[in-house]
Amino acid sequence: MSPENKAPAAPAPSDFIRDVVEKHVAEKKYPQIHTRFPPEPNGYLHIGHAKSICLNFGIAHEFGGVCNLRMDDTNPTKEDIEYVDSITEDANWLIAGWADKNLGLKPKGKTPDTITSNGKADFQLAPIPNSELRTPNSGSAEPFYASDYFDQIYEYAVALVKKGKAYVCDLTPEETDEYRRQAKESPYRNRSVEENLDLFTRMKAGEFPDGKRSLRAKIDVTSPNIWMRDPLLYRIRHAEHHHTGDKWCIYPMYDFAHCLSDYIEGITHSICTLEFEVHRPLYDWILENLDLPRPLPHQYEFARLSLGYTVMSKRKLMQLVNEKLVSGWDDPRMPTISGIRRRGVTPEALRNFAYNIGITKYNGITDVAVLEHAIREDLNKRAFRRLAVLRPVKVVITNYPEGKTEELDAVNNPEDESAGKRKVPFGRELYIDQDDFKEVPPPKFFRLKPGGEVRLKYAYIVKCDEVVKDANGKIMELRCTADLDSKTGGATANRKVKGTIHWVSAAHAIDAECRLYDRLFTEAEPEKDGRDFKSVLNPHSLEVVTAKCEPSLKDAKPDLRYQFERLAYFALDKDSAAGKLVLNRTITLKDTWAKEAQKK
RNA sequence: UGUCCGAUGGUGUAAUGGUAACACAGCGCCCUUUGGAGGCGUUAUUCUUGGUUCGAAUCCAAGUCGGACAGCCA
């Protein structure tokens, strides 16, 4: 295929944040665009994070910049190394082959350099340059950690104290709350610099118990924005940190650590979700009051993703895991990146989805159909077609010789000629799906029925002569005759019959455990009107069947995708072993017959 | 209650003072050895009121509705 014939690349995305970046690039405001993706390692990444990853890495990718992966780990009591590892893996999976060249990592163990910028002392930690290895956690590179800057952030706090812009406060958490609500100054607000310095040093040294004192910024307790009413900068927490161990017993708050981490890393555009909008004045205040010599980062906010038929908050996802309502963070029904990956969705599909939904400041609920469309569109192009029967009914072709086997040609992917062909065995005894036979067919039923004809895909046209039942009336087998001239190339091959169904040869079929996943909730908005989201869990979100599959599926590969013709897309699950196939249903094919049948 | 933010078909977005468009969903037709895919067509939209203007989704004002925040969480 010549390059001209290739489908045009999707136009570069455009939104209000990219407009700003584009303007800055045109003005040459920064030497390089530098974003960051900064999750707290207190849970697994979900599809909402995927939106953020696509935005931050997308901007770096489109404007020739860098996007740092950073663990925002300033609260030791909630974080864990398990999450650091999963976040690294998930982020890397999503950007692989796309923006991996723009991924900012740092040398393992490296902390900020103390440098001189414009004649002033400065802290800086640059990513490893483009040319070097950027695979996370392999060899010499690793993500950034806010906790690697605790020394520098402490220095910045001391600087604020010395400038009279921060003070040690002895109010209890409850009192602090009350004072802030009432716009009252803390009685400790006007301590001397010397006393503040002494107390802050002793806080760091571990002289005081948790909650006894805090470091607060001295801004304006009457500000209409509560975040400017002398916010906390440091709290005492005698707790072991997953990355810094027991070195610290005071930890900076998000607001203090985040802007400074951005600055230290040389971030130009700090993009976060809408709930931080009211924090932006504080973000700016801290940076502007520290006499920093390099250009300051700026914060931009966008609406987080809400998706129908699922929940997104880490707290609720954690609840589903802990209460064993799902099998784990990577249960294929979970909206986590690891769950979505295990389900069989590709990173390309997820990226296309992120592209399609756009970036705005409006809090809407995205229809899952948009996600499902992106998944089907991607899988349709790449999946190998296979014949498999989920709920088998036996069919005997009475005019087909016993013991005879034919190897019939079947295309691997009608969308992609280069995917080639394979052989599927045909014999006298077959399985078809229960749904493809109706003894009393409804109107417009194009499949097999008593006395009716149907095409067996890639094989013959058959007619159902007899329905054999057991004593209870259960269908045991369907006895059919084939038009033996009707297979491809035969005399009657072009005869038109209304329906075509899939099948497998009973003698050659192999078994596979198929896990049929459906949406986790029965309601588009599980928490609407404050109801308990667990009360609307879909009891049928997982059904397990043993499918009869064409024999070529024994070589199924974990990185390939399969379409069981006329049914759904499947991917190999990690529970598979030699001789034991386990397949996850990623998503069904569109089923216009089901829709038609529903109209009754 | 205060502060901030937002409002365009059923849903999500575009139009940056000049013909309201795209995708998904829906509906209809064509095609089809997948009731898949594809093709064609179609339904349906600027929160309200006032103002500025030759002209407003866009600018201004007031209102209405919705969201976020008000942790020593991030």
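Just so it is clear: chains get the letters A, B, ... in the order the sequence lines come, proteins before strands, and each one is counted from 1.
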| message | Does B/G26 have OP1 or OP2 under 4.0 Å away from a side-chain N or O of A/K595? | response | yes

| request: Look at the side chain of A/A369 and decide which nucleotide, out of B/G35, B/G12, B/A25, has an atom nearest to it. | output: B/A25

| query | Any side-chain N or O of A/K381 under 4.0 Å from OP1/OP2 of B/A37? | reply | no

| Contact class for A/I365 (heavy atom, under 4.0 Å): base, sugar-phosphate, or nothing? | sugar-phosphate

| Selected nucleotide, minimal atom distance to A/T360 side chain, candidates B/G36, B/G71, B/U13 | B/U13

| said: Closest approach to the side chain of A/T500, judged atom by atom: which nucleotide of B/C72, B/G12, B/G35 is it? | reply: B/G35

| said: Let's test your reading of the model: under 3.5 Å, does the base of B/U33 pair with the side chain of A/R455 as donor and acceptor? | reply: yes

| task | State, without any angle test, whether A/N412 and A/K421 hold a side-chain donor-acceptor pair at a distance under 3.5 Å. | result | no

| request: May I ask you to establish whether A/K184 and A/Y179 are in a cation-pi arrangement, using a distance under 6.0 Å from NZ or CZ to the six-membered ring centre and at most 45° from the ring axis? | output: yes

| message | Tell me the interatomic distance from A/K78, atom NZ, to B/C73, atom P, rounded to whole angstroms. | response | 7 Å

| task | Verify the distance criterion only: is there a donor paired with an acceptor across the side chains of A/Y149 and A/E265 at less than 3.5 Å? | result | yes

| field | Lys/Arg-Asp/Glu bridge criterion (N-O < 4.0 Å) met for A/R280, A/E301 | value | yes

| remark: Considering only heavy side-chain atoms of A/R180, the closest of B/C72, B/U33, B/C24 is B/C72

| message | Under a 4.0 Å threshold between the charged nitrogen and the carboxylate oxygen, would A/R229 count as salt-bridged to A/D220? | response | no

| request: Indicate whether A/Y254 forms a stack on B/A74; treat it as stacked only if centroid distance is below 5.5 angstrom and interplanar angle below 30 degrees. | output: no

| query | Is there a side-chain polar atom (N or O) of A/R235 under 4.0 Å from OP1 or OP2 of B/C73? | reply | yes

| message | Could you check whether A/T346 and A/R561, counting side-chain N and O atoms only, form a donor-acceptor pair closer than 3.5 Å? | response | no

| Has the side chain of A/E415 got a donor or acceptor atom sitting under 3.5 Å from an opposite partner on the base of B/G36? | yes

| query | Does NZ or CZ of A/K204 come closer than 6.0 Å to the centre of the six-membered ring of A/Y154, within 45° of the ring's axis? | reply | yes

| What is the nucleic acid contact for A/P39, judged by heavy atoms within less than 4.0 Å: base, sugar-phosphate only, or nothing? | nothing

| message | So, using ring-ring contact (aromatic ring centres under 6.0 Å, His included) as the criterion, who are the partners of A/W285 when residues are at least two apart? | response | none

| note | Result for 5'-nearest mapping on RNA chain B, choosing between A/D19 and A/F564, is A/D19

| note | To the nearest angstrom, the NZ-P distance between A/K51 and B/G12 comes to 11 Å

| field | Nucleotide-resolved protein contact map, nucleotides 2-10 of chain B, B/S/- at heavy-atom distance under 4.0 Å | value | SS-SSS---

| said: Tell me whether the NZ or CZ atom of A/R386 lies within the 45° cone about the ring axis of A/F564 and under 6.0 Å from its centre. | reply: no

| message | Counting only side-chain heavy atoms from C-beta out, which of B/A74, B/C72, B/G35 sits nearest to A/R237? | response | B/C72

| request: Calculate the interatomic distance between A/E596 atom CD and B/G36 atom C1'; express it in whole Å. | output: 16 Å

| task | Provide, to the nearest angstrom, the distance between the CD1 atom belonging to A/I461 and the P atom belonging to B/U33. | result | 10 Å

| query | For RNA chain B, what are the stems built from at least three Watson-Crick or G-U pairs in a row, each pair having both distances below 3.5 Å? | reply | B:1-7 with B:64-70, B:10-13 with B:21-24, B:26-30 with B:38-42, B:47-51 with B:59-63

| RNA chain B: A/W227 or A/T366, which has the more 5' nearest nucleotide? | A/T366

| query | For the base of B/G36, is there a side-chain donor-acceptor partner from A/R376 under 3.5 Å away? | reply | no

